[in-house]
Amino acid sequence: MAEKPVLHYFNGRGRMESIRWLLAAAGVEFDEQYIETREQYEQLLKDGSLMFEQVPLVQMDGMNLIQIKAILSYIAGKYNMYGKDLKERLFIDMYVDGTGDLLSLGTVYVFLDDAGKEKQKANIKEKATKRYFPIYEKVLKDQHYLVGNKFSWADVQLMEAILMTEEFHSDILSCFPNLKDFKERIKQIPTIAKFLQPGSPKKPFPDMKYVTTVKTVLNM
């Protein structure tokens, strides 16, 4: 039996959460080693595990995988969630880059001061409802999934982005009926349903302990 992937990151969402989502959607169990001190991070640097001195790090298939897009692309390709041909992969990449941009707004939110958080909350709503969600709403008008009418990495990350934005604005899908239907369909996929259950590797909304740990480890 192949060894489980090992995820090296902080005990929180950050840039690792999309990786957790994709592995879970593919039905892949994984272990996590949380980085809690500067010394742990420096040891990874000393070991040569971090190619560009950055986390997240995923140890998988005998390799040290770094850079979020490269890691996600590898996982999607390995588990047949990256389209059937070059054209489908292109559209998956475009849709994923869009949801990735939206998710990044939520990632930085917890590191802002109170005034910055209020602006960012409004920015998330503006970007989601005016720039990103209308695109996905249109695509999903006549099909159940974003690309090739088959469940893919693009669908996983869109689901993650929807749930993230709903944490800030619970009614954000009120004008997007196709996205509301999409959300309900994706929730019924067994691997996704399992990931959304309490006690799963899915991380809660970041708290101040997470913020403090990140700032301490990275000397921010």
Side-chain angles (χ1 to χ4, degrees), residues 1-82 89 92-112 116 120 152-154 156-161 163-164 191 195 200-220:
M1 180 180 295
E3 293 185 1
K4 294 179 183 178
V6 180
L7 282 52
H8 296 261
Y9 198 68
F10 311 102
N11 186 10
R13 290 182 185 174
R15 292 172 60 79
M16 185 65 86
E17 192 69 357
S18 291
I19 296 169
R20 298 184 184 106
W21 266 90
L22 190 56
L23 285 169
V28 180
E29 294 184 355
F30 54 87
D31 293 325
E32 299 201 55
Q33 293 188 6
Y34 297 128
I35 301 172
E36 298 176 331
T37 66
R38 178 70 185 179
E39 290 71 27
Q40 288 174 295
Y41 174 70
E42 289 177 344
Q43 187 61 51
L44 290 173
L45 294 175
K46 184 178 179 181
D47 293 343
S49 299
L50 304 179
M51 184 183 295
F52 298 119
E53 302 182 1
Q54 296 172 321
V55 289
L57 163 68
V58 175
Q59 293 178 318
M60 182 177 181
D61 296 340
M63 299 181 290
N64 291 326
L65 308 181
I66 57 97
Q67 298 291 59
I68 180 71
K69 185 68 178 291
I71 297 169
L72 289 166
S73 297
Y74 180 79
I75 294 168
K78 180 179 175 70
Y79 296 105
N80 196 28
M81 301 179 72
Y82 205 5
R89 290 194 293 273
I92 288 172
D93 283 341
M94 289 194 293
Y95 293 145
V96 162
D97 280 352
T99 49
D101 289 345
L102 183 55
L103 285 165
S104 70
L105 301 179
T107 300
V108 302
Y109 173 86
V110 294
F111 296 95
L112 303 173
Q120 189 74 334
S152 74
W153 170 23
V156 178
Q157 197 157 291
L158 175 56
M159 181 65 170
E160 181 189 359
L163 296 185
M164 181 277 289
T191 55
F195 189 63
S200 83
K202 182 179 182 295
K203 302 303 179 190
F205 193 87
D207 57 16
M208 286 309 300
K209 180 180 179 181
Y210 165 79
V211 172
T212 300
T213 299
V214 172
K215 288 184 174 181
T216 300
V217 170
L218 300 181
N219 284 337
M220 295 172 62

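Just so it is clear, the model here is predicted, and its values are computed rather than measured. Heavy atoms only: backbone and side chains are in, while hydrogens, waters and symmetry mates are out. Count residues from 1 along the sequence.
Remark: of the listed residues Thr191, Ile75, Leu72, Ile71, Ile75 is the sole one forming a side-chain contact (heavy atoms from CB on, under 4.5 Å) with Leu23.
Within the structure, no pair that satisfies the side chain to side chain donor-acceptor pair (under 3.5 Å) test touches residues 204-220, not counting sequence neighbours. Annotation: salt bridge (charged side-chain N to carboxylate O under 4.0 Å, His left out) contacts involving residues 18-30, sequence neighbours excluded, comprise Lys4-Glu29, Glu17-Arg20, Arg20-Glu32. For residues 35-63, the set of pairs meeting the ring pair (Phe, Tyr, Trp, His ring centres under 6.0 Å) definition, not counting sequence neighbours, is empty. For residues 94-108, the side chain to side chain donor-acceptor pair (under 3.5 Å) pairs, not counting sequence neighbours, are Lys69-Asp97, Thr99-Gln157. For the salt bridge (charged side-chain N to carboxylate O under 4.0 Å, His left out) condition, the pairs that include at least one residue of residues 39-55, sequence neighbours left out, are Arg38-Glu42.
Taking NZ of Lys78 as the reference point, atom CE of Met60 lies at 5.0 Å (rounded to 0.5 Å). The distance from the CD atom of Gln67 to the CG atom of Leu57 is 11.5 Å, given to the nearest 0.5 Å.
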Steps toward side chain to side chain contact (heavy atoms under 4.5 Å, CB included) verdict (Arg13, Lys202): CA-CA 8 Å; Arg13 290 182 185 174; Lys202 182 179 182 295; 4.0 Å; yes

Check against side chain to side chain contact (heavy atoms under 4.5 Å, CB included), Trp21 and Leu163: CA-CA 12 Å; Trp21 266 90; Leu163 296 185; 3.7 Å; yes

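For Phe205, the ring-ring contact (aromatic ring centres under 6.0 Å, His included) test picks out Phe168, with sequence neighbours left out. With sequence neighbours excluded, no residue forms a side chain to side chain donor-acceptor pair (under 3.5 Å) with Asp31. Scored by the side-chain contact (heavy atoms from CB on, under 4.5 Å) test, Ala26 finds Val28, Tyr79, Met81 as partners (sequence neighbours excluded). Tyr74 is linked by a side chain to side chain donor-acceptor pair (under 3.5 Å) to Asp61, counting only residues two or more places apart in sequence or in another chain. Tyr82 meets the side chain to side chain donor-acceptor pair (under 3.5 Å) test with Asp93; sequence neighbours excluded. In this structure Asn80 satisfies the side-chain contact (heavy atoms from CB on, under 4.5 Å) test together with Lys150, sequence neighbours excluded. Partners of Met51 by side-chain contact (heavy atoms from CB on, under 4.5 Å), not counting sequence neighbours, listed by chain and number: Ile66.
Taking 4.5 Å as the limit, every side-chain heavy atom of Gln54 sits out of range of all side-chain heavy atoms of Arg15.
Nearest heavy-atom pair, Leu22 versus Ala76, reported as atom, atom and distance to 0.1 Å: CD2-N, 3.9 Å. In terms of heavy-atom proximity, Phe195 sits nearest to Ala24 at CD1-CB, 3.3 Å. Listed here is the closest heavy atom pair of Ile19 and Pro56: CD1-CG, 4.1 Å. Smallest separation of non-hydrogen atoms from Phe30 and Pro201: CZ-CB, 3.5 Å. In this structure, Leu103 and Met164 approach most closely via the heavy-atom pair CA-CE, 3.8 Å. The two residues Gln40 and Ile35 come nearest to each other via the heavy atoms OE1-C, 3.6 Å.
More than 12 heavy atoms of other shown residues, nucleotides or ligands fall within 6.0 angstrom of atom CZ in Arg89.
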